[in-house]
Amino acid sequence: MSRRNQFVLIIMLLVGAGIFAFSLRDVKLSSIINDIVNLKWQWLFVALICICLYLIFEALVVKTFMKDRVPSFTFKDALRIPLIEQLFNGLTPFSTGGQPAQLVAMLQSGVDAGQASSVLLMKFVVFQSMIVVNFIISLIIGFHFLAEKLQALSLLVIFGFLVHLTVIVGLLMVMYWHSFTKRLVNLCIKPLKWFMSPERFVKMKFNLDDKIDSFYKESLKLKSEGVKLLRVFILTFLQLMFYYLIPYFIMLSLGVTHINIVMVTSLHILIVMIISLFPIPGGAGGAEYSFSVVFSSFISVNSKLVLAMILWRILTYYFGMFAGMFALVIKPDKVEE
């Protein structure tokens, strides 16, 4: 990990500690200690298992894609991919660092750059597709609740949905209207000529065309592998479900009962969509605020609400980053030529 990333990691840990301290400003220390002592640890352990399964299922997705391409690619190396992704997603705005970090991790295992890029691209497409599907379901179930509680957050939810939907529509256009999409992209980037040197513009246009062509070729392969695609969609759906269930089990660990698992899960899906729009790494600040506002209706005791937010943040953000740091120092297995 570069010095810059080490510096960002330290900053994000300090920011997180500051946010936790600020959230605890009006909470008595004795109340927090009492809530911790009375935690139902078995439910918190289930929440921990959920985040572990989230990472394991993503590793299974990678392994499924790599099985035919590079049979010697081990599950250990497949598991390194989501762990390293979590670390660099957490260190960069809009989680932009995860994708290139995964590519580097696969190259360290000896996987060809072209094959690695194709696998990561298709994994991204499936993941985004399932996010949109889950989001549409959660909108139907929980949006009215969110709109009643805080209109500003509901607007962010709609905007986030449109961003993710635009990405999926764009990718589908490449898959089914390749030539038209290529011309459309070239038309859309023409105004950038006014702000860039000719050499830089030509290079950017070439890279975009190359990525579009690469994705189109890979999509042709994928469309011919219906069984594999179905398996990956199922794995990704289960992966996301384990992640979305975490707040429910955290609430159970705090003794919060009579909660609707479907509603809580749907609201968490909406929160995740909101977090993706914050430009700060990990959505710091916005994540904690969104969780506290949305789930305050389920957790009436302030000390428990703050503790729930801290536990949720540790499991869904810091756990993945520290696991990613561990994965970085694990030596990958080299694939057989």
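Please read all numbers here as calculations on a predicted model, not as lab measurements.
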Would you give me the side-chain donor-acceptor pairs under 3.5 Å for residues 303-322, sequence neighbours excluded?
unit_1, atom_1, unit_2, atom_2, d
Ser303, OG, Asp35, OD2, 2.6
Lys304, NZ, Leu254, O, 3.0
Trp312, NE1, His268, NE2, 2.9
Arg313, NE, Glu288, OE2, 2.8
Arg313, NH1, Gly282, O, 3.2
Arg313, NH2, Gly282, O, 2.6
Thr316, OG1, Trp312, O, 2.7
Tyr317, OH, Gly90, O, 2.7

Which atom pairs, donor and acceptor, lie under 3.5 Å between side-chain atoms of residues 99-107 and protein residues at least two apart or in another chain?
unit_1, atom_1, unit_2, atom_2, d
Gln99, OE1, Gln102, NE2, 3.4
Gln99, NE2, Leu120, O, 3.3
Gln102, OE1, Lys123, NZ, 2.8
Gln102, NE2, Gly98, O, 3.3

Pairs of donor and acceptor atoms involving the side chains of residues 12-30, under 3.5 Å and at least two apart or interchain, shall be tabulated with distances.
unit_1, atom_1, unit_2, atom_2, d
Ser23, OG, Ile19, O, 2.9
Arg25, NH1, Phe22, O, 2.7

### Task
Take Leu245 and Ile261, measure what side-chain contact (heavy atoms from CB on, under 4.5 Å) needs, and give me the verdict at the end.
CA-CA 8 Å; Leu245 282 167; Ile261 185 173; 3.7 Å; yes
#### Entry: Intermediate values then yes/no, side-chain contact (heavy atoms from CB on, under 4.5 Å), Leu184 and Met173
CA-CA 10 Å; Leu184 182 63; Met173 287 178 67; 3.9 Å; yes
#### Entry: Trace of the side-chain contact (heavy atoms from CB on, under 4.5 Å) decision for Arg183 with Leu187
CA-CA 6 Å; Arg183 290 196 299 271; Leu187 181 65; over 6 Å; no
### Query
Is there a side-chain contact (heavy atoms from CB on, under 4.5 Å) between Ile330 and Lys76 once you walk through the steps?
CA-CA 10 Å; Ile330 298 297; Lys76 169 189 155 187; 3.7 Å; yes
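One finds a salt bridge joining Lys228 and Asp68 here, because a Lys/Arg side-chain nitrogen approaches an Asp/Glu carboxylate oxygen to under 4.0 Å. Salt-bridge check for Lys182 with Asp213: passed, with a basic side-chain N closer than 4.0 Å to an acidic carboxylate O. Taking a cutoff of 4.0 Å between a charged side-chain nitrogen and a carboxylate oxygen, Asp209 and Lys205 qualify as a salt bridge.
Ser31 and Asn34 share no side-chain donor-acceptor pair at under 3.5 Å.
When the side chain to side chain contact (heavy atoms under 4.5 Å, CB included) test is applied to Ile49, the partners found at least two apart in sequence or on another chain are Phe45, Leu53. Applying the side chain to side chain contact (heavy atoms under 4.5 Å, CB included) test to Lys40 and every residue at least two apart in sequence or in another chain returns Gln42, Trp43. Taking Phe242 as the reference, Phe57 meet the ring-ring contact (aromatic ring centres under 6.0 Å, His included) condition, with sequence neighbours excluded. Under the side chain to side chain contact (heavy atoms under 4.5 Å, CB included) criterion, Tyr176 pairs with Leu172, Lys223, not counting sequence neighbours. Scored by the side chain to side chain contact (heavy atoms under 4.5 Å, CB included) test, Ser138 finds Phe135, Ser266, Ile269, Leu270 as partners (sequence neighbours excluded). Not a single ring-ring contact (aromatic ring centres under 6.0 Å, His included) links Phe73 to another residue, sequence neighbours left out.
Counting heavy atoms from C-beta outward, Asn5 and Phe88 have side chains that approach closer than 4.5 Å. A 4.5 Å side-chain heavy-atom check between Val264 and Pro247 finds at least one atom pair inside the cut-off. Side chains of Met251 and Phe295 form a contact here, defined as non-hydrogen atoms less than 4.5 Å apart. When side chains are defined from C-beta on, Leu48 does not count as touching Leu44, because their heavy atoms never get closer than 4.5 Å. Between Leu192 and Ile189 there is a side-chain heavy-atom pair separated by less than 4.5 Å. Using a 4.5 Å heavy-atom threshold, the side chains of Phe127 and Val61 count as separate. Between Phe124 and Val167, the closest side-chain pair of non-hydrogen atoms falls below 4.5 Å. The side-chain heavy atoms of Ile81 and Asp77, taken from C-beta on, include no pair separated by under 4.5 Å.
Across all non-hydrogen atoms, the minimal contact from Ser109 to Arg80 is OG-NH1, 4.4 Å. Val111 approaches Gln115 most closely through the heavy-atom pair CG1-CB, 4.3 Å. Thr64 approaches Leu60 most closely through the heavy-atom pair OG1-O, 2.7 Å. Here the closest non-hydrogen pair linking Thr166 and Leu162 is OG1-O, 2.6 Å. In terms of heavy atoms, Pro281 sits closest to Pro93 at CG-N, 4.0 Å. Here the closest heavy-atom approach between residue Phe215 and residue Met175 is recorded as CE2-CG, 3.5 Å.
Separating the OG1 atom in Thr265 from the CD1 atom in Ile259 is a distance of 9.0 Å, to the nearest 0.5 Å. Between the OG atom of Ser292 and the CG atom of Asn302 there is a distance of 8.5 Å, given to the nearest 0.5 Å. To the nearest 0.5 angstrom, Ile275 atom CD1 is 9.5 Å from Phe291 atom CZ. The CD1 atom of Ile131 lies 12.5 Å from the CD1 atom of Ile136; values are rounded to the nearest 0.5 Å. Taken to the nearest 0.5 Å, the CG atom of Leu9 stands 12.5 Å off from the CZ atom of Arg4. Note that CG of Leu39 and OG of Ser253 are 5.0 Å apart. Values are rounded to the nearest 0.5 Å.
The side-chain contact (heavy atoms from CB on, under 4.5 Å) with Val335 is formed by just one residue from the set Thr74, Asp112, Val70; it is Val70. Checked options Val132, Val126, Val125; the residue passing with Ser129 is Val125 (criterion: side-chain contact (heavy atoms from CB on, under 4.5 Å)).
Apart from Phe206 itself, the hydrophobic cluster it occupies contains nothing, where clustering links Ile, Leu, Val, Met, Phe, Trp and Tyr at side-chain heavy-atom distances under 4.5 Å.
Although no hydrogens or angles enter the test, the distance criterion places no donor-acceptor pair under 3.5 Å between the side chain of Ser117 and the main chain of Gly114. Looking at Ser290, its side chain does come within 3.5 Å of a backbone N or O of Gly286 through a donor-acceptor pair.
If you chain together hydrophobic residues whose side chains sit under 4.5 Å apart, Ile168 and Ile140 fall into the same group. A continuous path of Ile, Leu, Val, Met, Phe, Trp and Tyr side chains, each step under 4.5 Å between heavy atoms, connects Met66 with Leu230, placing both in one hydrophobic cluster. Hydrophobic clustering of Ile, Leu, Val, Met, Phe, Trp and Tyr side chains at less than 4.5 Å, counting indirect connections, keeps Ile11 apart from Val8. Criterion: ILVMFWY side-chain heavy atoms under 4.5 Å apart, direct or through other members. Under it, Ile137 and Ile274 are part of a common hydrophobic cluster.
Identified under the side chain to side chain donor-acceptor pair (under 3.5 Å) test for residues 235-252, with sequence neighbours left out: Glu58-Gln239. Pairs passing the ring-ring contact (aromatic ring centres under 6.0 Å, His included) check and including a residue from residues 178-200, sequence neighbours excluded, read His178-Tyr216.
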